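Below, chains carry the letters A, B, ... as their sequence lines are ordered, and counting in each starts from 1. Here the structure is a predicted model, which is why all the values come from computation and not from measurement.
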Amino acid sequence: MTNAEIAQLFADIADMLEIQGEDRYRYLAYRRAADELGQYPGSVEALWRDGRLEEVPGVGKTIATKIDELLSSGTLKFYERLRQEVPPSLIEVLRVPGVGPKRANLLWKTLGITDLAMLEAAAKEGRLKGVKGLGAQTAQNILKGIEALHSLGDRTLLGTALPLAETLLDALRQAPGVVQAEMGGSLRRRQETVGDIDLLCAAGDTAPVVQFFTELPQVRSVQSAGANKATVILHRDLSVDLIVLPPASWGSLLQHFTGSQAHNVELRSAAVAQGLHVSEWGITRDGVLTPYADEAAHYRALGLDWIPPELREAEGELEAAREGRLPHLIELGDVRGDLQMHTTWSDGTRSVEEMARAAQALGYEWIAITDHSRGLGVTQGLDVERLREQRREIDAVNDRLAPFRVLRSIELEILADGTLDLPDDVLAQLDVVVASVHTGQRADRPALMKRYLNAVHNPHVDIIAHPFGRLLNRRPPMDLDFEALVDACAETGTALEINGQADRMDLNGGQARYAMQRGVMISLASDAHHPDGLKVMSLAVSTARRAWLEPKHVLNAMPLDIFLAWLQR
DNA sequence: GCCGTTTTCGGCCCGACTGTTTTCAGTCG
């Protein structure tokens, strides 16, 4: 079973226990374990074979035993029994905004509702009003919630949400009395997709800011609005939360609403042990609240270094902050070159020189031009002859733009039979070889791994591009033995890419961190097809930061001479 | 069910908003 499948099963268990009204801490323990299993970078099955399941945070003796039963027999009796007691389809009802475990249980017991369709029918027929505790307004809200569920659908790409949030922040900064305005939540942590947008403001008088926000032209409907907080839906089907507090609490507010939830729970649990109580208003000691206007001061008061938002996932950052050993994360300004882009020689829309000048304007010292090789038919890929012609053009551009350097490269197709698209003697003449899989991605794991390992072991291949081949909301990742791929890369000195295309973000943060920890170098790529596309390097850097990467882990942070030396490794 | 700078037992983050069961439960982040 995949990590995701195991995690889903335990998440379902948590939901069913919660609907049953089980002890809060019991179902929270299952949910925590599910989250940790889902984001565990290695293979949970492999951990299980080694008898090391309890190394996963949140997995203790009981859950480890259940995973063992599940993986050795294929089923879990405890789960099967729960499915008899609680209709599994009731879990989807929990996704409706305004319906939690208590109401799901109530609707099931009183009206026999076991899935979303039945809930929708009952709401439309006015049958909810008869249930104790549900008024006409609640029935209306549930209907609206179901509609929202149908229309919202996919999560929003970071690359889509960021500019949208910037626009809203610009507007908020014009609101009466606003002295601070920033994004929070998963957006500030630069998660690759976000479920909603969180905006934070500081203002002396908070209510007028909330009102100003609910009246912005982008707003389609207002879900809730109070003195400090509002939730709205934008015309483009995206939910936005705004929280406004006085400036004295700005730092505490930022900390609280940047999350993640797991980070906050861990932070506050540790604080409680010291007799401190943390909220968005500040830190309470002996019943006295101290607000923090500065986020770093808020962390300092808890004995912690300021933690970059990208690290706030309860993945060891609190311990590192306590011990003063947080990483010095890579920044966009550390990037000296871009390791994947395309020109009119394949599927790009601009010449080598136009791309080079655009990169120069961004302050880069070097780039690699990586047009597709011939195997990818649709993109007019390069064969040996056209590659030779392109080389003359690149040489000429280098003469004109020196000391800026355009490296001769290629995005080399790893073919379905495992061979590479160009012969070794041709690859040997290139500065950098970036290899990738675009076809036959649905092949099974052994077939895919055979192809990848063959490419990694070729002495000319330097980088594997977008290793998983996923497209967010559109195409699942390939079924790889990632640990084996990382081992092979570590052994051969091959780098793995973080592709910054908004719908790729491949590797993701957890995967890149795992590779880094095993000594694999990481390459950052815009994969640009036109000059404007170079800017998504910022998304690749965000992902690199989520992976705890420092400049020393990243090929793009190398000055040209050092990078050229690395290529000779 | 998990876990340990105080703990192998007894805790487990905290506040805003809504609607309804007028004093608070349910939901959400």
Near-strand residues of residues 78-93 of chain A, defined as heavy-atom separation under 4.0 angstrom from DNA chain B: none
Closest nucleotide of DNA chain B for A:Ser279 versus for A:Pro101: which of these residues is on the 5' side? A:Ser279
Which donor-acceptor pairs under 3.5 Å do side chains of residues 247-256 of chain A form with protein atoms, sequence neighbours excluded?
residue  : atom : partner  : partner atom : Å
A:Ser249 : OG   : A:Trp281 : O            : 2.9
A:Ser252 : OG   : A:Tyr292 : N            : 3.3
A:Ser252 : OG   : A:His298 : ND1          : 2.9
A:Gln255 : NE2  : A:Asn264 : OD1          : 3.2
A:Gln255 : NE2  : A:Tyr299 : OH           : 3.3
A:His256 : ND1  : A:Arg268 : NH2          : 2.4

Could you go through residues 119-143 of chain A and list every donor-acceptor pair under 3.5 Å that involves a side-chain atom there, pairing it with any protein atom two or more places apart or in another chain?
residue  : atom : partner  : partner atom : Å
A:Glu120 : OE2  : A:Lys124 : NZ           : 3.3
A:Glu125 : OE1  : A:Arg127 : NE           : 2.9
A:Glu125 : OE1  : A:Arg127 : NH2          : 3.1
A:Gln137 : NE2  : A:Asn141 : OD1          : 3.4

Between A:Ser269 and B:dC13, is there a contact of a side-chain N or O with OP1 or OP2 at under 4.0 Å? yes
Under a 4.0 Å heavy-atom cut-off, which of residues 163-171 of chain A touch DNA chain B? none
Could you pull out every donor-acceptor pair under 3.5 Å between side chains of residues 4-13 of chain A and any protein atom, sequence neighbours left out?
residue : atom : partner : partner atom : Å
A:Glu5  : OE1  : A:Thr2  : N            : 2.9
A:Glu5  : OE1  : A:Thr2  : OG1          : 3.4
A:Gln8  : NE2  : A:Asp12 : OD1          : 3.0

Protein-nucleic acid N or O pairs under 3.5 Å, nucleotides 3-8 of chain B:
residue : atom : partner : partner atom : Å
B:dC3   : OP1  : A:Gly58 : N            : 2.8

Which residues pass the side chain to side chain donor-acceptor pair (under 3.5 Å) test with A:Lys77, sequence neighbours left out? none
What is the nucleic acid contact for A:Gln137, judged by heavy atoms within less than 4.0 Å: base, sugar-phosphate only, or nothing? sugar-phosphate
Using the test salt bridge (Lys or Arg N to Asp or Glu O under 4.0 Å), find all partners of A:Arg285 that sit at least two apart in sequence or belong to another chain. none
Filter on side-chain hydrogen bond (donor to acceptor under 3.5 Å, both in side chains), then keep only pairs touching residues 501-511 of chain A, sequence neighbours left out; what's left? A:Arg474-A:Asp503
Using nucleotides 21-25 of chain B, report all nitrogen or oxygen pairs with the protein that are shorter than 3.5 Å.
none

More than 12 heavy atoms from other groups under 6.0 Å of NE2 on A:His328: no
From B:dC2, B:dC13, B:dG19, pick the nucleotide closest to the side chain of A:Asn141? B:dG19
Please work out if A:Tyr27 contacts a base, only the sugar-phosphate, or nothing of the nucleic acid, heavy-atom cut-off 4.0 Å. nothing
Rounding to the closest angstrom, what is the interatomic distance between B:dG29 and B:dC13 at atom C1'? 12 Å
Name the atoms and distances for all side-chain donor-acceptor pairs under 3.5 Å in residues 194-206 of chain A, with sequence neighbours left out.
residue  : atom : partner  : partner atom : Å
A:Thr206 : OG1  : A:Ala227 : O            : 2.9

Show me the donor-acceptor pairs, under 3.5 Å and distance only, between side chains in residues 29-40 of chain A and residues at least two apart or in other chains.
residue : atom : partner  : partner atom : Å
A:Tyr30 : OH   : A:Lys66  : NZ           : 3.4
A:Arg31 : NH1  : A:Glu18  : OE1          : 3.3
A:Arg31 : NH2  : A:Asp15  : OD1          : 2.9
A:Arg31 : NH2  : A:Glu18  : OE1          : 2.9
A:Gln39 : NE2  : A:Glu315 : OE2          : 3.2

